[in-house]
Amino acid sequence: MTQAVQAYAYAGPSVLDGGRLALSTSGGTALSGPRTHPRFFSGLLSHPAPAAAGLLAVADVALARYHQPRPGWTRDPVVTCDGGRLRFESFSACGGVYARLDVLELEGDVLDRGTTNVDVNGPLREALARVGGRDPLHLGVGPDELTVTTLDGAVVEKKVSLPSRWLRGFAEVQVIAAGFDLRAELAGPHAVRFLRSLPRGARAAVWAVPAGRDLRLSGGPARGGVRLSGTGRLATLMPLLRFAKALRVYGPADGSSPASAWELELPGMRYTLAVSPDPWRGFSGEGAVLSDLAGDEAAGDADVVGMLLNFEPTVELGLLADRSGLSTGRVRAALTQLGTAGRVGYDLHEAAHFHRELPYDREQVAQLNPRLTAARALADSGAVRLLGETAEVTTDGGVRRVRIAEGECTCPWWYDHRGSRGPCKHVLAARIAARVTMLTP
């Protein structure tokens, strides 16, 4: 498996002491430019207990491997400050669970906007687990001036491997989530009752089906239901139930994806989990980004759209289309391209993208789509023979017949997945060749 190495360098460990939570930062991008230890916020959190529990939940996902658990996963969460909120994000080691805590009520000074990693160490985790009561908690994201001037360089360093499937997952999950609709909303007591009724450690998939003001479990597909495989992957929701005001469940209205998303409304914040179709199946292999990335204009359009991003709370497609002079379809494809570099995410509650800059190597992330690479090689080698609305693609395994618009193919990949994990390389190659033919005088 292809891996990148991520080096964290902190000016000191994050600490919680005397009602002050100081989160240490390591490298990142801000409106003011690249920063070694960016400082984004200093102020109060009005709801300290749910904030501490939510941050701990995000950190728990970053440490977890839900499929074939094993120790050794030490990645740190990512935080983005957009001026009005803080978004803490993480991904599980297996690439099948994405978590985000949106802290919506900030009282204090926004010092800059941008994205960075934050240190969540063992002692801090223990301290967060003890936070309770109603007293406000002072939060600092980034070292204050005194810390920066008195520390001689970084005193906390970590080097960790970032598997390619984990990096690709950040791109895939935002594209998949953008196709989700709200399927059910439960008030706090109903949400608590439903989530506590889930069978723990269940291996078989279940369906959560709306039933009045509740959800009921079904052992098979049901109209309006949302599929959930691996109920244990919702474990980080459980410690937050004592704060829950509502539960929202999201899924594809057309049933195009068996993935789902679960959002808890908490006082002054929201905690969201997106889970892949199966515990063994990470988001990285879903192929949702490939159709958009295959377009010849996507890379150039991404450069244009990327310059217009400004760490806004939400990214509006129509506004970007007006500013860039591109169609909304091309803007959407450009956002997918930017997503492969970790530069955009998707907020289900807002039904909109948001800008962030993952502090990872963009060039390496952008090259982590081997299916698309193989498709371009087929198209460039002349392996595609266009026959109107169909095509023949010659490979070492034989000739594959493709229905271009429908995305159907005679290859084993298509027969196994029937389009549920994105187009195969033969469909992509045929579509690339068809576009080249249309553009050639």
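One is the number of the first residue; the rest follow in order along the sequence.
- Rounded to the nearest 0.5 angstrom, Arg125 CZ and Leu55 CG are separated by 9.5 Å.
- At least one donor-acceptor pair closer than 3.5 Å links the side chain of Arg35 to the backbone N or O of Ser32.
- Glu263 is listed as a side-chain neighbour of Tyr250, based on a closest heavy-atom distance under 4.5 Å.
- The ring-ring contact (aromatic ring centres under 6.0 Å, His included) contacts involving residues 302-338 comprise Phe311-His355, where partners must be two or more places apart or lie in separate chains.
- Considering every non-hydrogen atom in both Ala51 and Leu101, the closest pair reads O-CD2, 4.0 Å.
- Heavy atoms only, all atoms of each residue included: Val315 and Glu312 are closest at CG2-OE1, 4.3 Å.
- Distance check, rounded to the nearest 0.5 Å: CG of Leu124 to CG of Leu128 gives 4.0 Å.
- When every heavy atom of Arg39 is checked against every heavy atom of Pro143, the shortest pair comes out as CD-O, 3.1 Å.
- A salt bridge is defined here as a Lys NZ or Arg NE, NH1 or NH2 lying under 4.0 Å from an Asp or Glu carboxylate O, and Arg356 with Glu89 meets this definition.
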Check against salt bridge (Lys or Arg N to Asp or Glu O under 4.0 Å), Glu316 and Arg323:
CA-CA 11 Å; Glu316 298 182 18; Arg323 290 177 176 176; over 6 Å; no

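- Among Asn121, Asn117, Asp76, Asp119, the single residue meeting the side-chain hydrogen bond (donor to acceptor under 3.5 Å, both in side chains) criterion with Tyr10 is Asp76.
- Counting only heavy atoms from C-beta outward, the side chains of Val78 and Phe88 never approach each other to under 4.5 Å.
- Considering only heavy atoms from C-beta on, Val427 stays 4.5 Å or farther from Ile404 through its side chain.
- A 4.5 Å side-chain heavy-atom check between Leu378 and Ile432 finds every atom pair outside the cut-off.
- Contact of the Arg196 side chain with the Val192 side chain is registered, since non-hydrogen atoms from C-beta on lie closer than 4.5 Å.
- Closest of all the heavy-atom pairs between Ala184 and Pro210 is CB-CG, 4.3 Å.
- Checked for salt-bridge contact, Glu408 and Arg400 miss the test: no charged N lies under 4.0 Å from a carboxylate O.
- Ion pair Arg227/Asp278 flagged as a salt bridge, since at least one NZ, NE, NH1 or NH2 atom sits closer than 4.0 Å to an Asp/Glu carboxylate oxygen.
- Note: His349 NE2 to Arg100 CZ = 10.5 Å, rounded to the nearest 0.5 Å.
- Atom-to-atom distance recorded for Cys94:SG and Trp280:CH2 is 12.5 Å, nearest 0.5 angstrom.
- Partner of Val275 under the side chain to side chain contact (heavy atoms under 4.5 Å, CB included) criterion, chosen from Ser229, Ser260, Pro258, Ser92: Ser260.
- The shortest non-hydrogen separation linking Val120 to Ala59 is CG1-CB, 3.7 Å.
- The CZ atom of Arg87 sits 6.0 Å away from the CG atom of Asp82 when rounded to the nearest 0.5 Å.
- Applying the salt bridge (Lys or Arg N to Asp or Glu O under 4.0 Å) rule to pairs touching residues 387-398 yields Arg385-Glu392, Glu392-Arg401, sequence neighbours excluded.
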Could you walk me through whether Asp301 and Arg332 pass salt bridge (Lys or Arg N to Asp or Glu O under 4.0 Å), step by step?
CA-CA 10 Å; Asp301 291 349; Arg332 186 177 292 107; over 6 Å; no

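- No side-chain donor-acceptor contact under 3.5 Å links Thr115 to the backbone of Thr80.
- For Ala429 against Ala375, the heavy-atom pair with the smallest separation is CB-O, 3.5 Å.
- Looking at Leu237 and Trp262, their side chains come closer than 4.5 Å, going by heavy atoms from C-beta outward.
- Tyr271 is listed as a side-chain neighbour of Thr236, based on a closest heavy-atom distance under 4.5 Å.
- With hydrogens and angles ignored, the 3.5 Å screen pairs no side-chain donor or acceptor of Ser24 with any backbone N or O of Ser14.
- For the pair Arg403 (side chain) and Ala391 (backbone), a donor-acceptor distance under 3.5 Å is absent.
- With hydrogens and angles left out, the side-chain atoms of Ser276 and Arg233 include a donor and acceptor closer than 3.5 Å.
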Report the C-alpha separation of Leu335 and Tyr346 in whole Å, then their side-chain angles, then the decisive distance to 0.1 Å, and conclude whether the side-chain contact (heavy atoms from CB on, under 4.5 Å) test is met.
CA-CA 10 Å; Leu335 289 174; Tyr346 191 81; over 6 Å; no

Check the pair Phe41 / Leu106 against side-chain contact (heavy atoms from CB on, under 4.5 Å), numbers first and verdict last.
CA-CA 9 Å; Phe41 175 75; Leu106 302 179; 3.8 Å; yes

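- Here the side chains of Leu23 and Val79 are not in contact, with every heavy-atom distance at 4.5 Å or above.
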Derivation and outcome, side-chain contact (heavy atoms from CB on, under 4.5 Å), residues Leu182 and Leu348
CA-CA 8 Å; Leu182 178 64; Leu348 284 158; over 6 Å; no

Evaluate the side-chain contact (heavy atoms from CB on, under 4.5 Å) criterion for residues His190 and Asp214: first the C-alpha distance (whole Å), next the side-chain angles of each, then the deciding distance (0.1 Å), finally the verdict.
CA-CA 6 Å; His190 299 278; Asp214 283 306; 2.8 Å; yes

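- Here Phe40 contributes atom CZ and Thr116 contributes atom OG1; the two are 6.0 Å apart, rounded to the nearest 0.5 Å.
- Side-chain contact annotation: Tyr415 with Thr410, donor-acceptor N/O pair under 3.5 Å absent.
- Under the rule for a salt bridge (charged side-chain N to carboxylate O under 4.0 Å, His left out), Lys245 has no partner lying at least two apart in sequence or in another chain.
- The backbone N or O of Val344 lies less than 3.5 Å from no partner atom in the side chain of His353, so there is not a single donor-acceptor pair.
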